[in-house]
Amino acid sequence: SGFTDLLLTDWEGQPGQQKLDLLKRVKSSAVVMANLLEDTLTVSTLEAHGAQAAPSEVRVDLVVHEVLGMLSASLTSVDLAGLAPVTAWVDRSHVTQVVTNLLTNAIKYGSGVVSVTTEQLASGVRLRVSDHGAGVPPEFVAHLFDRFSRSTEARSGGQRGSGLGLYIVKLLLELNGGQVAYTDTPGGGATFTVSLASRTSVDEGAQPSSTASHPQPV
């Protein structure tokens with residue numbers, strides 16, 4: 001708002017490059033606010049109002065390709081050699097948001113090549129997203145999936161965030177009978193492993209819950 005006021009009150013007096021820099025800051029702040037609003041509304045729906053999962057057979061590897069296309073991420077920085085064709089029994093919109101959040105984090109906070117692998121197991125599907133950045137400080141791992149939780153390093157760095165992304169990932173996966181876990185990447189970095197049900201495992205009695213849990217406020 002302050003940058004906008006400055007441009008409106010002294011448009012003619014601002015050099016061309018200064019105008020461009022201020023407009024870029026306005027745009028960046030607008031994106032941050034839009035993302036925060038979207039994340040907050042998602043959490044509100046999952047916690048306060050509940051949500052329904054509409055599972056179907058979803059090719060998770062194809063979802064990864066679609067998300068990378070939406071993020072305009074360079075495929076030269078993403079290793080897809082381990083991305084095998086796998087089918088999960090999950091809500092497509094939910095798994096798309098999960099993959100989006102994990103890839104966005106890996107690209108934002110990681111460095112080097114981001115690796116995405118998938119594996120079809122008897123019990124379901126396993127998806128791994130790994131980066132080679134600084135990883136998560138050991139003292140923060142226990143709070144990684146908490147609401148509004150950001151490490152000291154993340155808050156002091158140049159990347160902005162709401163602290164809701166991984167919390168939303170956890171809630172969406174629980175809604176679909178899935179799980180997410182964090183481990184260190186060998187050699188340095190962060191690895192997130194997502195476990196999803198398959199149609200076969202659901203038919204055998206592992207039916208995922210269709211209603212979101214309601215965590216207590218923290």
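Not measured: the values here are computed from a predicted model.
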Run the ring pair (Phe, Tyr, Trp, His ring centres under 6.0 Å) test on F192 and Y182 for me, step by step, so that the C-alpha distance in whole Å, both residues' side-chain angles and the decisive distance to 0.1 Å come before the verdict. CA-CA 5 Å; F192 291 90; Y182 168 83; 5.4 Å; yes
Output the distance between atom [atom1] ([X]) and atom [atom2] ([Y]), rounded to the nearest 0.5 Å.
X    : Y    : atom1 : atom2 : result
S56  : R199 : OG    : CZ    : 9.5 Å
D131 : I107 : CG    : CD1   : 10.0 Å
Y167 : L144 : OH    : CG    : 14.0 Å
L166 : N105 : CG    : CG    : 5.0 Å
L68  : L80  : CG    : CG    : 6.0 Å
T4   : R25  : OG1   : CZ    : 12.5 Å

Considering only NZ, NE, NH1 and NH2 on the basic side and carboxylate oxygens on the acidic side, decide whether E66 and R92 come within less than 4.0 Å. yes
Using a 4.5 Å cut-off on heavy atoms from C-beta on, say whether the side chain of [Y] contacts that of [X].
X    : Y    : answer
V194 : L102 : yes
Q179 : L173 : no
V129 : V64  : no
P55  : W89  : yes
K19  : L7   : yes

Contact summary for [X] and [Y], nearest pair of heavy atoms:
X    : Y    : value
T185 : S130 : OG1-CB, 4.0 Å
V180 : K170 : CG1-CA, 4.2 Å
P85  : R59  : CB-NH2, 3.7 Å
V60  : A88  : CG2-CB, 3.8 Å
I168 : Q97  : CG2-NE2, 3.7 Å
V136 : D184 : O-OD1, 4.5 Å

Would you kindly confirm whether [X] and [Y] end up in one hydrophobic cluster when ILVMFWY residues are joined by side chain heavy atoms under 4.5 Å apart?
X    : Y    : answer
L121 : L127 : no
L62  : V78  : no
W11  : F3   : yes
V63  : M70  : yes

S195 and R126: side chain donor to acceptor below 3.5 Å: no
We want to know whether T191 and T183 form a side-chain donor-acceptor pair, criterion being a heavy-atom distance below 3.5 angstrom. no
Candidate pair V95 and D91, rule side-chain contact (heavy atoms from CB on, under 4.5 Å), full reasoning: CA-CA 6 Å; V95 75; D91 188 303; over 6 Å; no
